[in-house]
Asks: 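Below are the structure tokens for one structure; questions will follow.
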Amino acid sequence: MRLSFWIGPAAALCVAAVALAACSSGPAETPATGKAPAPPPAGPAHNILTAGEAAAGWKLLWDGNSFAGWHTYGKTEVVGWEIADGTLIALGQGGDHANDILTDAEYESFELLVDWKLSPQANSGIFYHVVEQGYDRVYATGPEYQLIDDDGWPDKLEDWQMSGANYAMHPPMAKAARPVGEWNTTRIVVNKGRVEHWLNGVKTVEYELWSPEWEKLRTTGKWKDFPGYGSGRKGKIGLQDHGNKVFFRNVKIKTL
């Protein structure tokens, strides 16, 4: 016996809609493979050492999640900085040089790597051979690798104030900083008094500590009234809080 049913126009539309929904459910498939698209690759990991770096003697100078091994200049703990998303951040809350931070350990000859980025109109720096005992400020003794918003700084900059310079001593040989808000990579090599500054793979400065040329620059320029400047044959490494928000990560060192 054959049964026949009549379906009105409204009911037919409902049936079609249900069928369409059933056919389109589930993850989308690509025509080429018939499989769901793969998720995007993960970004690079930060604040870690590769097997090659570890074998070559590199160490993390900042562990990526604590202030262990660091302190604010003249204090026993870190103040004025925070850690967020694997980034060490100078908050710029204390004014000029109020909260510069130093390593607890001292270094003589070394290779240093640091990733950094600036907020607009920011000024900062990386110090080395800092002698803390007997001095009231980090730059009284420590030579400085300059970090600054080269294009957005509100005042005219001297050439020795540009990013990658040996601040107030040697201007950079090339402009290599990326635009504000983008990450940069600094490399500093100090080896038995021979110093190289690198920025994003470009050598910006090369000089010899305590050479006649260096002594002339020290005694006739900005540091003529700072007899302790550059006097340390070894010392601490510092990151500058100059009253602006600055970001650091991937801080690594290898002793030479």
Side-chain angles (χ1 to χ4, degrees), residues 61 90 92 96-97 100 107 109-130 138-224 226 229-230 232 235 237-254 256:
L61 197 55
D96 187 10
H97 291 280
D100 297 336
Y107 300 89
S109 291
F110 59 86
E111 186 172 350
L112 177 70
L113 290 174
V114 182
D115 287 351
W116 56 271
K117 69 176 179 178
L118 303 174
S119 59
Q121 299 186 359
N123 181 5
S124 185
I126 303 168
F127 298 91
Y128 69 91
H129 284 186
V130 176
V138 66
Y139 58 81
T141 60
E144 177 186 354
Y145 181 116
Q146 170 77 332
L147 315 176
I148 198 167
D149 182 354
D150 292 329
D151 298 321
W153 188 253
D155 303 316
K156 182 181 182 302
L157 293 173
E158 300 291 342
D159 55 0
W160 47 260
Q161 291 178 294
M162 304 292 283
S163 291
N166 176 25
Y167 178 74
M169 291 285 280
H170 298 91
M173 297 180 288
K175 184 176 180 179
R178 298 185 178 121
V180 163
E182 295 186 18
W183 285 99
N184 298 270
T185 297
T186 279
R187 176 173 169 245
I188 302 173
V189 182
V190 181
N191 192 4
K192 299 178 181 177
R194 185 76 175 175
V195 182
E196 297 176 2
H197 289 190
W198 294 76
L199 179 54
N200 297 322
V202 177
K203 183 189 286 187
T204 58
V205 164
E206 187 172 11
Y207 60 95
E208 190 83 29
L209 287 166
W210 319 301
S211 66
E213 180 261 353
W214 182 92
E215 287 287 358
K216 182 179 180 180
L217 289 172
R218 185 187 71 81
T219 56
T220 60
K222 186 179 180 72
W223 308 116
K224 64 182 183 294
F226 292 85
Y229 173 82
I237 291 170
L239 302 177
Q240 185 182 60
D241 174 12
H242 205 294
N244 313 104
K245 206 165 191 179
V246 185
F247 307 80
F248 298 93
R249 69 185 184 194
N250 296 327
V251 186
K252 306 176 183 182
I253 195 165
K254 179 174 70 171
L256 302 176

Asks: Under 6.0 Å from the ring centre and within 45 degrees of the ring axis: does the NZ or CZ of Arg249 meet both conditions for the six-membered ring of Trp183?
Replies: yes
Asks: Do Phe248 and Leu147 have side chains that get closer than 4.5 Å, going by heavy atoms?
Replies: yes
Asks: Show your reasoning for whether side-chain contact (heavy atoms from CB on, under 4.5 Å) applies to Met162 and Leu157.
Replies: CA-CA 7 Å; Met162 304 292 283; Leu157 293 173; 3.7 Å; yes
Asks: Determine whether Ile253 and Ile237 satisfy the following criterion, side-chain contact (heavy atoms from CB on, under 4.5 Å), listing intermediate values before the conclusion.
Replies: CA-CA 10 Å; Ile253 195 165; Ile237 291 170; 3.4 Å; yes
Asks: Of the non-hydrogen atoms in Leu217 and His170, which two are nearest, and what is the gap between them?
Replies: CD1-NE2, 3.4 Å
Asks: If a pair satisfies salt bridge (Lys or Arg N to Asp or Glu O under 4.0 Å) and one of its residues is in residues 210-223, list it, with sequence neighbours excluded.
Replies: Glu215-Arg218
Asks: Applying salt bridge (Lys or Arg N to Asp or Glu O under 4.0 Å) as the test, list every pair that has at least one member in residues 114-125; sequence neighbours left out.
Replies: none
Asks: For this output row, return yes or no: ring centroids of Tyr167 and Trp160 closer than 6.0 angstrom.
Replies: yes
Asks: Is it the case that Glu196 and Trp198 place a side-chain donor and acceptor less than 3.5 Å from each other?
Replies: yes
Asks: Do Leu239 and Ile126 come close enough that some side-chain heavy atom pair is under 4.5 Å?
Replies: yes
Asks: Assess the pair His197 and Tyr207: is the distance between their ring centroids shorter than 6.0 Å?
Replies: yes
Asks: Using side chain to side chain donor-acceptor pair (under 3.5 Å) as the criterion, list what pairs up with Glu206, not counting sequence neighbours.
Replies: Arg194, Lys203
Asks: Distance check, rounded to the nearest 0.5 Å: His242 atom NE2 versus Ile148 atom CD1?
Replies: 7.5 Å
Asks: Does Lys254, at its NZ atom, have more than 12 non-hydrogen atoms belonging to other residues, nucleotides or ligands within less than 6.0 Å?
Replies: yes
Asks: Does the Ser109 side chain pair with the main chain of Leu256, one donor and one acceptor, at a distance under 3.5 Å?
Replies: no
Asks: Could you check whether any side-chain heavy atom of Tyr128 comes within less than 4.5 Å of a side-chain heavy atom of Tyr145, counting everything from C-beta outward?
Replies: no
Asks: Checking Phe247 against Ser124 for the side-chain contact (heavy atoms from CB on, under 4.5 Å) test, could you report, in this order, the C-alpha distance in whole Å, the side-chain angles of both residues, the deciding distance, and whether it holds?
Replies: CA-CA 10 Å; Phe247 307 80; Ser124 185; over 6 Å; no
Asks: Sorted by first residue and then second, give each salt bridge (Lys or Arg N to Asp or Glu O under 4.0 Å) pair with at least one member in residues 153-174; sequence neighbours left out.
Replies: none
Asks: Kindly state each residue pair satisfying salt bridge (Lys or Arg N to Asp or Glu O under 4.0 Å) with at least one member in residues 165-190, sequence neighbours excluded.
Replies: Glu111-Arg187, Asp151-Lys175
Asks: Would you mind reporting whether Phe110 and Leu61 have side-chain heavy atoms less than 4.5 Å apart?
Replies: no
Asks: Who passes ring pair (Phe, Tyr, Trp, His ring centres under 6.0 Å) against Trp223, sequence neighbours left out?
Replies: Phe226, Tyr229
Asks: Let's go through Asn123 and Gln240 carefully: what are the C-alpha distance in whole Å and the side-chain angles of both, what is the deciding distance for side-chain contact (heavy atoms from CB on, under 4.5 Å) to 0.1 Å, and is it a yes or a no?
Replies: CA-CA 9 Å; Asn123 181 5; Gln240 185 182 60; 4.2 Å; yes
